[in-house]
Number of protein chains: 2
Amino acid sequence: MLKKERQALIIKQINLHNKVLSSDLSLTLNVSEDTVRRDLHELAQENKIIKVHGGALSKSYNVTSQQSDTYAYEEKNIIALKTISLIKEGMTILTSGGTTMRAIARALPSNLKATFITMSPLIALELIEHPNLEVILLGGKLSNDSKISVGGEVVNRINEIKADLCILGINGLDFDGITDSDWEIVQVKKAIINASRVVIASTISEKLNSALRLKVCNLKEVDYLITELPSDSPTLLAFKEKVNHIL
Amino acid sequence: MLKKERQALIIKQINLHNKVLSSDLSLTLNVSEDTVRRDLHELAQENKIIKVHGGALSKSYNVTSQQSDTYAYEEKNIIALKTISLIKEGMTILTSGGTTMRAIARALPSNLKATFITMSPLIALELIEHPNLEVILLGGKLSNDSKISVGGEVVNRINEIKADLCILGINGLDFDGITDSDWEIVQVKKAIINASRVVIASTISEKLNSALRLKVCNLKEVDYLITELPSDSPTLLAFKEKVNHIL
DNA sequence: CAGGTAAATGCAGGTTTTTGCGTTTTTTGA
DNA sequence: TCAAAAAACGCAAAAACCTGCATTTACCTG
């Protein structure tokens, strides 16, 4: 067995069980404990696992760095699955940034063939992991806090596109429409909506009934409102008449 | 048996089993292990397989998000510091992708004010963490394996730029110049070099004296060659007359 | 077609990696 | 505090690797 192969198996074990024992690995891999220890040591040096006395632990097990993108993890996963049900083979899809969108990108089926256009480098990198997708990244000046490309160039470019679908991450949504707090982002979102035949607004229910400073669009421009709640939830009832479809 | 034919068989084997052993291949193909090794080496340089001690692995074998970005960590950090010493306040800097470039991006002083232009979303995201930098991300079709924007649009855009500096990640460099294995990337790199007053080539010494299929530029176009080695190292001696400055 | 050039391959050697095994040191838990 | 488990250290053998070189083969070119 190749060394790298063995180390990959160790990583797999750790991701599965969140921990491994040197003695266990020695048995299952048929190598001496010394070799296992050396492997664990190497992987630890490469920052892939956490070495402890007797074995090793998964890194994510006690890492605090990126909890923001797992905030409301369950909810966002439900939203992702609902949103994905609207995506069909061969579509051209415009998307903005946001952690909800990231959950969607991650949950896409790997055999899906489609074209995604996005101004978020983060989303683009998630999407490119799916080998059958074509990913177009819109460039421009990167916004420091939202981490997406903004500016006239992006808006111009979006205006040249006609997409089948757009998936909008939402920061504020109430009866009066969709709102946001950053002027540049609002411009981009307006352009996206304009360039797409069908508009999907995906958001956790927490953001419903909250309004921010700047208006993006009216609810009647939204074709689908997707939240983690069942479509007959009382929270959503009030939106029924304003939005075309609620999932 | 033809060389190409043999290499095709190797690829087939790897796709089938996710790995191959040099010794196995030597037997089944009826050639010496040296020849197998040379084949594997070539395929690895062309980015088709991953060469490891004892054989090779399929590229998709363990695509956990960020495994190889700590390879040669120490070396890359030295390179980063040397490279940074050439960056001055207010400069406009063009950069490609690559893990060495990523190490540089991470090591930048946080008070540096400068404009960075890149076609790599990964690098862009690293750079944007530095609050005083302006980051321009060049968009386009994302290349599946190199994870940078490629295509005519990117090249066109680069041609509109005049930068003070470009920092080139290197895949192959010998007396005859800088080489790479992907046609699209070569186009982008050529454009970058053309658009910059000063060209820096940063690479770990491992990649010196290795040549890939496609030529990017001659050494005389390179102003600074930066490696982790001290500038009077014998390995670098031979490059002294070809490159303007060696750090 | 002769002669020259370049590519491909195998081989000899020296070097580096990998691995297991004693031995010694450190950690852990009672 | 002590003994068992785990880790670290040093060593040696085997496997894999690299480098340079010689041989063969294919490919030009006049």
Side-chain angles (χ1 to χ4, degrees), chain A residues 1-11 13-14 17 19-46 48-57, chain B residues 1-11 13-14 17 19-46 48-57 61 68 70-75 172-177 179 181 204-215 228-229 233-238:
Chain A
M1 169 166 326
L2 298 168
K3 184 179 158 192
K4 291 281 170 182
E5 196 184 357
R6 204 176 50 223
Q7 296 191 347
L9 277 174
I10 293 177
I11 297 257
Q13 283 293 310
I14 289 190
H17 300 116
K19 69 162 183 180
V20 285
L21 304 182
S22 306
S23 49
D24 281 359
L25 286 174
S26 167
L27 284 174
T28 50
L29 299 174
N30 259 322
V31 289
S32 73
E33 284 200 34
D34 286 83
T35 303
V36 170
R37 255 194 293 278
R38 274 187 278 243
D39 280 342
L40 294 181
H41 190 80
E42 263 182 55
L43 292 171
Q45 282 227 322
E46 290 166 20
K48 293 178 191 166
I49 63 174
I50 295 170
K51 177 85 187 71
V52 294
H53 198 93
L57 299 175
Chain B
M1 170 171 316
L2 298 168
K3 186 177 159 193
K4 287 285 168 190
E5 192 183 351
R6 205 176 48 224
Q7 296 193 348
L9 274 174
I10 293 177
I11 297 264
Q13 283 293 310
I14 289 192
H17 299 116
K19 70 157 185 178
V20 286
L21 305 182
S22 307
S23 50
D24 281 359
L25 287 174
S26 168
L27 284 174
T28 50
L29 299 174
N30 259 321
V31 290
S32 73
E33 285 201 33
D34 287 85
T35 303
V36 170
R37 256 194 293 277
R38 274 187 277 244
D39 280 343
L40 293 180
H41 190 79
E42 263 183 53
L43 292 171
Q45 283 224 322
E46 290 167 21
K48 293 180 184 163
I49 62 173
I50 296 171
K51 178 84 186 73
V52 297
H53 196 96
L57 299 174
Y61 190 68
S68 60
T70 42
Y71 171 68
Y73 180 80
E74 281 305 325
E75 288 85 347
L173 189 153
D174 66 1
F175 290 126
D176 295 330
T179 49
S181 55
I204 52 176
S205 59
E206 188 182 302
K207 299 200 178 156
L208 294 180
N209 296 315
S210 76
L212 302 174
R213 207 66 45 118
L214 304 165
K215 176 120 173 211
E228 84 279 10
L229 303 172
S233 147
T235 316
L236 296 173
L237 215 61

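The chains referred to below are lettered A, B, ... by the order of the sequence lines, with proteins before strands, and numbering in each begins at 1. Predicted model only: the values in this text are computed from it and were never measured.
Comparing the end axes of the helix from C:dC1-D:dG30 to C:dA30-D:dT1, each fitted to five base pairs by superposing C1' atoms of four pairs onto the next four, gives an inter-axis angle of 40° (nearest 10 degrees).
For the pair B:L40 CG and D:dA16 P, the interatomic distance rounds to 12 Å; values are reported in whole Å. When rounded to the nearest whole Å, the span between CG of B:D39 and P of D:dC17 equals 13 Å. Separating the CZ atom of A:R37 from the C1' atom of C:dG20 is a distance of 12 Å, rounded to the nearest angstrom. When rounded to the nearest whole Å, the span between CG of B:L21 and P of C:dT17 equals 20 Å. Atom NE2 in B:H41 sits roughly 15 Å away from atom P in C:dT9 (whole-Å rounding). Distance A:M1 CE to D:dA15 P: 18 Å, rounded to the nearest Å. Rounded to whole Å, the distance from NZ on B:K19 to C1' on D:dA16 is 15 Å. Atom pair B:L2:CG and C:dA7:P shows a separation of 16 Å (rounding to whole Å applied).
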Detail all sub-3.5 Å separations between protein N/O atoms and N/O atoms belonging to nucleotides 10-13 of chain C.
{"from": "C:dG10", "atom 1": "OP2", "to": "B:S32", "atom 2": "N", "distance (Å)": "3.1"}
{"from": "C:dG10", "atom 1": "OP2", "to": "B:S32", "atom 2": "OG", "distance (Å)": "3.1"}
{"from": "C:dG10", "atom 1": "OP2", "to": "B:T35", "atom 2": "OG1", "distance (Å)": "2.3"}
{"from": "C:dG10", "atom 1": "N7", "to": "B:R38", "atom 2": "NH2", "distance (Å)": "2.6"}

**Message:** Checking B:L40 against B:L25 for the side chain to side chain contact (heavy atoms under 4.5 Å, CB included) test, could you report, in this order, the C-alpha distance in whole Å, the side-chain angles of both residues, the deciding distance, and whether it holds?
**Reply:** CA-CA 10 Å; B:L40 293 180; B:L25 287 174; 4.2 Å; yes
**Asked** Yes or no on side chain to side chain contact (heavy atoms under 4.5 Å, CB included) for A:V20 and A:V36, after CA distance, side-chain angles and deciding distance?
**Response** CA-CA 11 Å; A:V20 285; A:V36 170; over 6 Å; no
**Request:** Test A:L43 against A:K51 for side chain to side chain contact (heavy atoms under 4.5 Å, CB included), laying out the working first.
**Result:** CA-CA 8 Å; A:L43 292 171; A:K51 177 85 187 71; over 6 Å; no
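Annotation: side chain to side chain donor-acceptor pair (under 3.5 Å) contacts of B:T35 (sequence neighbours excluded): B:S32. Remark: B:E33 engages no residue in a side chain to side chain donor-acceptor pair (under 3.5 Å) (not counting sequence neighbours). Residues forming a side chain to side chain donor-acceptor pair (under 3.5 Å) with A:S26 (at least two apart in sequence, or on another chain): none. In this view, A:K3 and A:R6, A:Q7, A:D39, A:E42 satisfy the side chain to side chain contact (heavy atoms under 4.5 Å, CB included) rule, not counting sequence neighbours.
B:T179 and B:L173 make their closest contact through OG1-N, 4.4 Å (heavy atoms, listed as atom of the first residue, atom of the second, distance).
No engagement by A:S23 is indicated, since no non-hydrogen atom pair under 4.0 Å with the nucleic acid exists. Within 4.0 Å (heavy atoms only), B:K4 reaches no atom of the nucleic acid at all.
Listed nucleotides C:dT19, C:dT28, D:dA16 differ in distance to A:R6; the shortest reach to its side chain belongs to C:dT19.
At least one donor-acceptor pair closer than 3.5 Å links the side chain of A:E5 to the backbone N or O of A:L2.
Here A:K3 does not reach the OP1 or OP2 of D:dA16: none of its side-chain N or O atoms lies under 4.0 Å away.
If B:G54 and A:S22 are placed on DNA chain D by their nearest nucleotide, the residue sitting closer to the 5' end is A:S22.
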